[in-house]
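Below is one structure; the comments refer to it alone.
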Protein chains: 2
Amino acid sequence: MYDGLSGWVLFFIFVLMKSTRKEEIVAVASGLFKEKGYSAVSMRDIAQAMNMKAASLYNHISGKQEILSTLIVRVAIEFTNAMETVMAEESSPINKIEKIIEFHIDITVTYAENIAALNNDWMHLEGTDLKRVVKMREDYEENFRSIIKQGINEGRLRPNHPEVILFSILSTLRTLYLWNEKRGKMDVNILKKDMVSVLLKGIV
Amino acid sequence: MYDGLSGWVLFFIFVLMKSTRKEEIVAVASGLFKEKGYSAVSMRDIAQAMNMKAASLYNHISGKQEILSTLIVRVAIEFTNAMETVMAEESSPINKIEKIIEFHIDITVTYAENIAALNNDWMHLEGTDLKRVVKMREDYEENFRSIIKQGINEGRLRPNHPEVILFSILSTLRTLYLWNEKRGKMDVNILKKDMVSVLLKGIV
DNA sequence: CGACAAAACTAACGATTGTTAGTTAAAACT
DNA sequence: AGTTTTAACTAACAATCGTTAGTTTTGTCG
């Protein structure tokens with residue numbers, strides 16, 4: 001019995017180690033991708049940042065494409081799940097939009113590099129991954145659009161063109177990662193309140 | 001006299017032709033850069049889109065870098081000039097912000113591909129061009145920031161964190177190029193009014 | 001028509017790309 | 001202790017990169 005348990009523990013450690021090494025590569029690569037873009041970063045660049053040779057990377061990953069795919073699909077799922085949670089709630093459109101703003105900020109704080117790749121390098125995905133991510137993006141936007149339209153129909157949102165509202169908010173949220181660094185000491189909850197205020201009530 | 005005039009006319013045609021061919025290359029390249037990014041587009045890609053061989057491009061341009069530089073510096077100057085015009089005006093902060101929104105839309109309509117390069121590929125500029133564009137960007141943001149701060153100090157803008165206001169508006173304006181295609185039949189003036197409304201008065 | 005220049009071409013360069021094969025040192029398991 | 005596995009390495013591959021040199025085609029002027 002002890003032997004059996006030991007086996008499981010070691011198996012988990014094994015999985016964890018292997019997983020950790022791959023995660024290191026993904027993490028290091030994501031930083032480089034954010035700075036220069038996927039195409040401008042070579043496997044040798046990634047290897048150098050990991051203090052190894054390019055060929056050694058292939059002991060842990062199948063190729064450059066897998067790094068990008070891992071990076072992007074991961075955060076795309078994060079957004080999709082968060083949006084589905086909000087959609088399932090029984091609350092007003094305005095309340096839902098507030099929730100969207102808030103989870104965008106939360107996800108940005110922990111997935112800044114992933115978001116950079118999602119925003120700027122999604123077109124370099126291939127095959128199924130590309131289709132999947134594009135589909136998730138379209139569904140996401142369609143959900144957001146439906147919330148806005150409902151808000152307008154209920155008279156709770158000012159009757160501007162839904163597309164203008166959608167992309168005004170979404171553009172701001174999607175590029176939040178760019179100046180999150182400068183956020184510095186600004187507390188996340190204060191940022192949430194400020195952004196909800198600015199995006200919903202405007203600035204005048 | 002007729003000969004002299006003829007000479008000038010032909011000179012202009014000559015300049016125009018040479019310039020036009022270079023401009024064609026820059027225009028075609030900008031479209032490719034917008035779709036895949038500077039680093040993912042090869043000189044052979046550009047040549048193919050122009051129905052020529054890569055080597056022939058060098059009869060008109062000095063290299064790939066010049067294309068990027070031409071593209072980015074051109075629109076950066078456009079924004080800088082527009083901002084300086086607004087700064088020189090004697091009008092309220094709110095009025096200035098409206099003007100900024102409007103010229104962003106105007107410039108986006110005619111320089112969509114240039115803006116894509118400015119947003120996504122500025123870091124691939126080299127030497128003087130890189131420094132120059134970064135400087136212009138910093139100055140631009142500083143001007144915008146001062147307008148916002150003044151508006152808050154005068155009590156005309158709600159006292160949110162200036163940085164949040166600045167980047168909320170600027171993110172929307174900078175990524176406008178992404179969905180300008182979808183704008184379709186929407187009139188530019190209607191778009192201006194909608195965006196001013198959404199960005200200044202919010203959506204509730 | 002002949003002269004000349006503009007703008008295309010072919011061919012090739014050295015460098016870099018992502019990736020594979022085969023090897024070796026260290027670590028882990030039996 | 002002996003065996004196997006992990007994860008690094010060196011070396012090299014075919015392909016592609018931006019760019020240059022030299023040549024040929026095209027078109028325009030006198």
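Per chain, numbering begins at 1; letters A, B, ... match sequence-line order.
The side-chain hydrogen bond (donor to acceptor under 3.5 Å, both in side chains) test applied to A:E98 returns no partner, not counting sequence neighbours. Residues passing the salt bridge (Lys or Arg N to Asp or Glu O under 4.0 Å) test with A:K193, sequence neighbours excluded: none. The side-chain hydrogen bond (donor to acceptor under 3.5 Å, both in side chains) test applied to A:N180 returns A:R183, not counting sequence neighbours. Taking A:E138 as the reference, nothing meets the salt bridge (Lys or Arg N to Asp or Glu O under 4.0 Å) condition, with sequence neighbours excluded. For A:E142, the salt bridge (Lys or Arg N to Asp or Glu O under 4.0 Å) test picks out A:R145, with sequence neighbours left out. Qualifying salt bridge (Lys or Arg N to Asp or Glu O under 4.0 Å) partners for B:E66, counting only residues two or more places apart in sequence or in other chains: B:K22. Shown here are the ring-ring contact (aromatic ring centres under 6.0 Å, His included) partners of B:F33, two or more places apart in sequence or in another chain: B:Y38. In terms of the side-chain hydrogen bond (donor to acceptor under 3.5 Å, both in side chains) criterion, residue partners of A:N120 (sequence neighbours excluded) are, by chain and number, A:Y177.
For B:K64 and D:dG18, the shortest distance from a side-chain N or O to OP1 or OP2 is below 4.0 Å. Between C:dC9 and B:S56, a contact under 4.0 Å exists linking OP1 or OP2 to a side-chain N or O. One finds a side-chain N or O of B:R21 lying less than 4.0 angstrom from the OP1 or OP2 phosphate oxygen of C:dA8. Taking 4.0 angstrom as the limit, A:H60 places a side-chain polar atom (N or O) nearer than this to OP1 or OP2 of D:dA8.
For the pair A:T172 and A:L199, the minimum side-chain heavy-atom distance is below 4.5 Å. The side-chain heavy atoms of B:N114 and B:I72, taken from C-beta on, include no pair separated by under 4.5 Å.
Distance CD (B:E126) to C1' (D:dG18): 12 Å, rounded to an integer number of Å. Distance A:E23 CD to D:dA7 P: 14 Å, rounded to the nearest Å. Note: CG (B:L57) to C1' (D:dT20) measures 14 Å, nearest angstrom. As rounded to whole Å, 14 Å separates atom P of D:dC17 from atom NZ of B:K53.
Shown for residues 66-75 of chain A: no residue has heavy atoms falling under 4.0 angstrom of DNA chain C. Contacts of residues 27-52 of chain A with DNA chain C (heavy atom under 4.0 Å): A:V41, A:S42, A:M43, A:R44.
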Between protein and nucleic acid, restricted to nucleotides 20-24 of chain C and to nitrogen or oxygen atoms under 3.5 Å apart, what atom pairs and distances do you find?
none

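For residues 183-204 of chain A, there are no ring pair (Phe, Tyr, Trp, His ring centres under 6.0 Å) pairs, not counting sequence neighbours.
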